[in-house]
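Below is one structure, written out as structure tokens, with a few remarks after it.
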Protein chains: 2
Amino acid sequence: MMATLEEDEVEFRAGDVVRGTSDEVESIYIVKEGWLFSAVELGDGRRQILEFFVPGDVVGLHDLPYEQTSYELVTLTESTLCPFPKERLGPVFETSRAVTGLLFTFSLIDHVIMLDRLKSIGRLAAKDRIAHLMLTVRSRLCITNDELGDHFFFPIPQAEMADALGLTPVTISRSKAELQQEGLIRWQRREVELLDRAALEKRTRFDARYQNLDTSWFTTLCGGY
Amino acid sequence: MMATLEEDEVEFRAGDVVRGTSDEVESIYIVKEGWLFSAVELGDGRRQILEFFVPGDVVGLHDLPYEQTSYELVTLTESTLCPFPKERLGPVFETSRAVTGLLFTFSLIDHVIMLDRLKSIGRLAAKDRIAHLMLTVRSRLCITNDELGDHFFFPIPQAEMADALGLTPVTISRSKAELQQEGLIRWQRREVELLDRAALEKRTRFDARYQNLDTSWFTTLCGGY
DNA sequence: CGCTTTCTTGAGTGTTATCAATCCACGTGG
DNA sequence: CCACGTGGATTGATAACACTCAAGAAAGCG
């Protein structure tokens, strides 16, 4: 269904800035390949990373009501994106309630994910913030990969973890070491393994927001056909 | 237009829990009167406040894809809410693209507001977090009140500020005192005055997300009629 | 195999948290 | 109208967690 929106394709290298802050809002993107993140720079070196994106994600929906982009979009790995122009969304909304409903739903789910991250940054200790982010990413990856275990590709450098969690790289490194000593995770290079997921979920009060969905909502939204 | 959704009316006293966590998702609410907030309890006394709501706000949209509510909803002041049942949204989506589009847009804007709050909690110092929240609330109030100056009703107790900003009541009190000594704000009882809004906006890198909207988006969304 | 980037580790500092006491505003009832 | 009680706010003293600065180790890349 989302294939409707995947017409064009653009490739990027790792570390490329796909879109800067205050660019004109021209299109949304479907992530075909690669990992990305969105971030704000505070101007004095501080940076907050807001969301991570993986293949299958829709990027930039929430910029649509604005003339200028709120945040920059940067690749973590080589990526392939399918841009879909803003002005061509009108016709899509007119002809396909299913696509409209799906985009609406994605945006609502993403919002809840952001609320969880707010909780994490606002009220969890450094170690738990790290664990919470890993659980969230895993939960997202499970949508497109049922078989995903507790050991998966995780190409987020420590500097980016820090900026995502409101911490510093030094704290990430130390907290990682502690989590490993406690036997809770193994995180080497660009891979992570959650050795005791149940314990991590409990500590961080994790909720699987991508799962536990109410299927009746989709029929409500799309009109039952 | 939103009047379509305001049929029923329910009143609450200050401090009432409108909806607990893990309740069944039965309806969204339009705030007719009063201030509210949504929050998660972490179980050990810690709490994170996620959003504040004022008259005119739509509450609970992002719970729609779920069977159970993600967060509790509590009143700060006496409030009047207009619940609108989830199962009756289907017909609304079918008949009114304008309402659908408006709800979608609200949800996108709220998402960007949350991203700003994430930045605030993740990367700003205590004093700036307080200022940022005040600016955000003011910006929201300006939608329904053009004439709003820099002095307005602000019924958020310090304990709730703390839980919203990832701080403690003690820090709120001390930071407030400093902001006042610096002549940046005056905050007494349930009123606040921003004495140097330009300076506060600069310090906190504040963006007026409720303003600066792209009006062309609405015609895109609603089909140009 | 060097160069660069990322990560780790140590030492010292700082912002915010914690604990606890006091103060103040406000509502209540005598 | 004033005493009293309650919950919220302030203040002081101390502690903890994360930050900063800085040096060194490891990993990635040409």
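Letters A, B, ... are given to chains in the order of the sequence lines, protein chains preceding strands, and every chain is numbered from 1.
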Legend entry - Non-neighbouring partners of Tyr66(A) that pass ring-ring contact (aromatic ring centres under 6.0 Å, His included), sequence neighbours left out: none

Legend entry - Letter per nucleotide, 5' to 3', of nucleotides 15-27 of chain C [B base touched, S only sugar-phosphate touched, - untouched; heavy atoms, 4.0 Å]: -SSBB------S-

Legend entry - Results of side-chain contact (heavy atoms from CB on, under 4.5 Å) for Thr204(B) - residues two or more places apart only: Leu124(B), Asp128(B), Ala131(B), His132(B), Leu135(B), Phe206(B)

Inset, instruction - Could you tell me which residues satisfy ring-ring contact (aromatic ring centres under 6.0 Å, His included) with Phe53(B), sequence neighbours excluded, listed by chain and number? - result: none

Legend entry - Other residues, nucleotides, ligands: >12 heavy atoms within 6.0 Å of Glu78(A) CD: no

Inset, instruction - Send over the distance from Met161(A) CE to dC7(C) P, rounded to a whole Å. - result: 11 Å

Legend entry - Spacing between Arg46(A) atom CZ and dC19(D) atom P, to the nearest angstrom: 12 Å

Inset, instruction - Let me know the distance between CD1 of Ile156(A) and P of dC7(C), rounded to the nearest Å. - result: 11 Å

Could you give the side-chain donor-acceptor pairs of residues 28-42 of chain A under 3.5 Å, partners two or more places apart or in another chain?
residue: Lys32(A); atom: NZ; partner: Glu9(A); partner atom: OE2; Å: 2.5
residue: Ser38(A); atom: OG; partner: Glu51(A); partner atom: N; Å: 3.3

Legend entry - Rounded (10°) bend between the five-pair end axes of the helix from dT8(C)-dA23(D) to dG30(C)-dC1(D): 40°

Legend entry - Sequence-distant partners of Asp110(A), side chain to side chain donor-acceptor pair (under 3.5 Å), two or more places apart: none

Legend entry - Spacing of Gln181(A) atom CD relative to dT8(C) atom P, expressed in whole Å: 12 Å

Legend entry - Ile130(A) CD1 to dA18(D) C1', straight-line distance once rounded to whole Å: 12 Å

Legend entry - Gap between atoms CD and C1', on Glu178(A) and dT8(C) respectively (whole Å): 14 Å

Legend entry - Euclidean distance, atom CG of residue Asp128(A) to atom P of dC17(D) [Å, nearest integer]: 12 Å

Expected list for residues 148-177 of chain B: side-chain donor-acceptor pairs under 3.5 angstrom, two or more places apart:
residue: Asp150(B); atom: OD1; partner: Arg138(B); partner atom: NE; Å: 3.1
residue: Asp150(B); atom: OD1; partner: Arg197(B); partner atom: NE; Å: 2.5
residue: Asp150(B); atom: OD1; partner: Arg197(B); partner atom: NH2; Å: 3.4
residue: His151(B); atom: NE2; partner: Glu191(B); partner atom: OE1; Å: 3.1
residue: Glu160(B); atom: OE2; partner: Arg47(B); partner atom: NH2; Å: 2.9
residue: Asp163(B); atom: OD1; partner: Arg123(A); partner atom: NH2; Å: 2.8
residue: Asp163(B); atom: OD2; partner: Arg47(B); partner atom: NE; Å: 2.8
residue: Asp163(B); atom: OD2; partner: Arg47(B); partner atom: NH2; Å: 2.9
residue: Thr168(B); atom: OG1; partner: Thr171(B); partner atom: N; Å: 3.4
residue: Thr168(B); atom: OG1; partner: Thr171(B); partner atom: OG1; Å: 3.1
residue: Ser175(B); atom: OG; partner: Thr171(B); partner atom: O; Å: 2.7
residue: Lys176(B); atom: NZ; partner: Trp187(B); partner atom: O; Å: 3.1

Inset, instruction - Tell me, please, which residues at least two apart from Ser107(B) pass side chain to side chain donor-acceptor pair (under 3.5 Å). - result: Ser107(A)

Legend entry - Distance in angstrom units between Gln158(B) CD and dT11(D) P, rounded: 10 Å

Inset, instruction - Taking atom CZ of Arg46(B) as the centre, report whether more than 12 heavy atoms of other residues, nucleotides or ligands fall under 6.0 Å from it. - result: yes

